[in-house]
Amino acid sequence: MANYYDIDDILADEELVPAVFLEAVNGVGLFESNEANRIEPRSKVELPFWLAQELHLRQAVSVNIPPCFNKKTREEIGADGAHVDLRSRCSYFYELGCKIVQLIGDKTIGSLLLVAFQTRYKEVLIKAHTAASALTPKFLSLLTKEETKLYDAAKSSTAAFKTWRMGGPRFQKAAVLGRKRKPIGE
Amino acid sequence: MSGQSDPRGSTFSAAELEFLAEDETIEIVPNLRMERLSLICGDFGPFRPQIATQVPIWLAVALKKRGKCTIRPPDWMSVEKLTQVLEAERDSASSFEALPFHYVEISRLLFDDARDDIPDVYMVRSLIEDIKDVRFHKIGTGLEKLSSRTYAMKLNLSAMEVNVIRPFVTGGLETFYKLGNPELIQESERPEHRRPQPADRGPRRELRR
C-alpha cells in the first residue's frame, strides 16, 4: 500500500474490479450463491481492488480490466474527453488506473489516463476560474474525485482572494479578549 | 516560510500576504519630529517635518492613521505608468509586465488608508483592477498549456497571483507527473507525446528581480 494514511488511496482500493478465480477455494462464499462455502474455479466475481491484488499476487485469481477502461470508454474519451461522465464509471478513475497498470501491466491504460487527464484538465481549469456557481453542478457530476479535488482547490483559493479584496474585518479579535476579568475571591 | 492558517502549510492566506507586503518600504513626508527608530528590520528616520523618509508600509499606515504623515505613492502607482503597463499587458499575450511583487497588496493597503494621498485615486484604482484582470486572464490561458512535460515555469507574477493559482497548479502538476510516469505509459506512445514544443513554453521570465 503506497500511502497508508491517505484516505483517497484507501477509498480507491475499495473500487470493484472483475476477477476470475483460477482455483477452487474452500471456506468462502459469494453473497449471491449461498448454497455452499466453496468457490469453483473459473467463477467470475467482482472483488474490491485490495483483495483482488493480494489474490492476484498469490495466483488465486486473474484480474480483468475493469469496465471503466473498456473500449467504449476509450472511444468516448478519444472523441470528447471533457464531457465523459467518469464519476459514474469509477470515482477514482486515475488512482485505480495507475494501480491496475502496475498489477496487470497493460500500458495502454496508462496512456489513456494521461490523454484523459490532459483533455479534462483544461475544462476543469476554465470552469474553476471563470464559471459562475450556477453553472457548475451539472459539470461537477462528471468529475472524478481527483478532478473534484483540483476544482475545489482552485475555486476556494479564488474565492478567498475575492473576499479579501472586497474587504472585511482587518483585525479579528480573539475570543479571550472580549471577556471581562472576573474579580478573584468572590 | 509557509503560511500559518493552512494546516498543510502550502499556501498563504490573503491576509498573510498582506502582512508580508507591509514590510516593503514606502516614502512618507512626516509632520512630526521624532528620533530615529531602531527596529530589528533596520533604522528608520529621524523624522523631521516636511523631510521625506523611507519607512515600511506598516509604519507609514500607522503614522497616517494618526495624522502624522502623508504617504507618497510609489512611482508605479501613477496614472501614466499604470496606463503604460495596462497597454503593454494587453499587447503581449504571453509576457507579464514588471510590477512590484506585492502590487496587489500594496495598492489595497494604500487605497484603504491613504486615499487622500493618491492623486486620481479612482482612476488609479480602476487601472490596477484592469491590470489585475488582464493578468489573471493571461495566467488562465497560460495554464491551459500545462502538461506532463511542464517542469518549470518562470513568470513575472506577483505574490498574490502566484498564491491564488498555487493549489491548482501544484495539484495539476502532481497528477501530470504521476500519470506521465514512464512505468505507466506505453513506450511506443512516448515519442508522440514528446514533441519538442519551443512555442508551447509560454512566458519565461524571472519571477522576481
Side-chain angles (χ1 to χ4, degrees), chain A residues 2-3 8-9 93-95 97-103 105-131 144-172, chain B residues 5-6 10-19 61 104-105 107-109 111-113 128-129 132 136-137 139-149 160-190 192-193:
Chain A
N3 298 307
D8 289 313
D9 197 60
F93 186 75
Y94 301 104
E95 289 274 340
C98 291
K99 288 165 190 280
I100 287 281
V101 174
Q102 279 159 2
L103 192 67
D106 181 356
K107 291 199 171 179
T108 55
I109 293 179
S111 329
L112 171 78
L113 294 179
L114 189 60
V115 170
F117 187 68
Q118 253 159 5
T119 47
R120 293 168 69 85
Y121 158 84
K122 273 178 207 162
E123 204 67 16
V124 175
L125 170 80
I126 294 164
K127 291 274 167 37
H129 285 104
T130 58
T144 70
K145 283 274 162 56
E146 298 98 329
E147 289 160 346
T148 314
K149 229 179 180 181
L150 207 56
Y151 177 85
D152 286 342
K155 201 85 186 162
S156 67
S157 72
T158 318
F161 171 65
K162 280 197 178 133
T163 49
W164 170 79
R165 203 160 50 84
M166 288 303 141
R170 269 284 166 69
F171 298 105
Q172 289 168 354
Chain B
S5 58
D6 179 34
S10 58
T11 53
F12 293 98
S13 72
E16 283 166 347
L17 280 182
E18 185 185 301
F19 177 78
V61 168
V104 183
E105 300 93 311
S107 57
R108 165 140 192 236
L109 281 165
F111 289 143
D112 278 5
D113 295 314
I128 288 182
E129 286 291 295
K132 188 187 64 56
F136 267 112
H137 178 72
I139 293 168
T141 47
L143 284 182
E144 285 178 29
K145 293 178 186 137
L146 204 69
S147 73
S148 51
R149 293 174 306 282
M160 194 58 89
E161 290 157 351
V162 170
N163 200 52
V164 168
I165 60 168
R166 180 180 290 131
F168 180 77
V169 172
T170 49
L173 278 177
E174 263 172 31
T175 317
F176 272 126
Y177 174 72
K178 197 170 153 195
L179 299 180
N181 185 347
E183 279 178 27
L184 298 180
I185 305 236
Q186 224 171 16
E187 285 300 316
S188 61
E189 296 223 7
R190 288 182 75 202
E192 183 211 332
H193 284 291

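Here is the naming used below: chain letters follow the sequence lines, and residue numbers restart at 1 for every chain.
Put simply, NZ on B/Lys178 and CG on A/Leu113 are 9.5 Å apart, with the number rounded to the nearest 0.5 Å. Here the OG1-OH distance, from B/Thr175 to A/Tyr94, works out to 8.5 Å after rounding to the nearest 0.5 Å. Separating the OG1 atom in B/Thr141 from the NZ atom in A/Lys122 is a distance of 12.0 Å, to the nearest 0.5 Å. Once rounded to the nearest 0.5 Å, the distance linking OG of A/Ser157 with CD1 of B/Ile165 reads 9.0 Å.
Under the 30°/60° scheme for interplanar angles, the aromatic rings of A/Phe161 and B/Phe136 are found to be tilted.
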Step-by-step salt bridge (charged side-chain N to carboxylate O under 4.0 Å, His left out) determination, A/Arg165 to B/Glu129: CA-CA 10 Å; A/Arg165 203 160 50 84; B/Glu129 286 291 295; 2.7 Å; yes
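Both the backbone and the side chain of B/Glu105 come within contact range of chain A, judged by heavy atoms closer than 4.5 Å.
Outside the 6.0 Å centre-distance limit, the rings of A/Tyr151 and B/Phe168 are not counted as a close aromatic pair.
Legend: residues meeting side-chain hydrogen bond (donor to acceptor under 3.5 Å, both in side chains) with A/Lys162, ordered by chain and number and at least two apart, are absent. By the side-chain hydrogen bond (donor to acceptor under 3.5 Å, both in side chains) test, A/Thr148 pairs with A/Arg87, sequence neighbours left out.
In this structure a side-chain-to-backbone donor-acceptor pair under 3.5 Å is present from B/Arg108 to A/Trp164.
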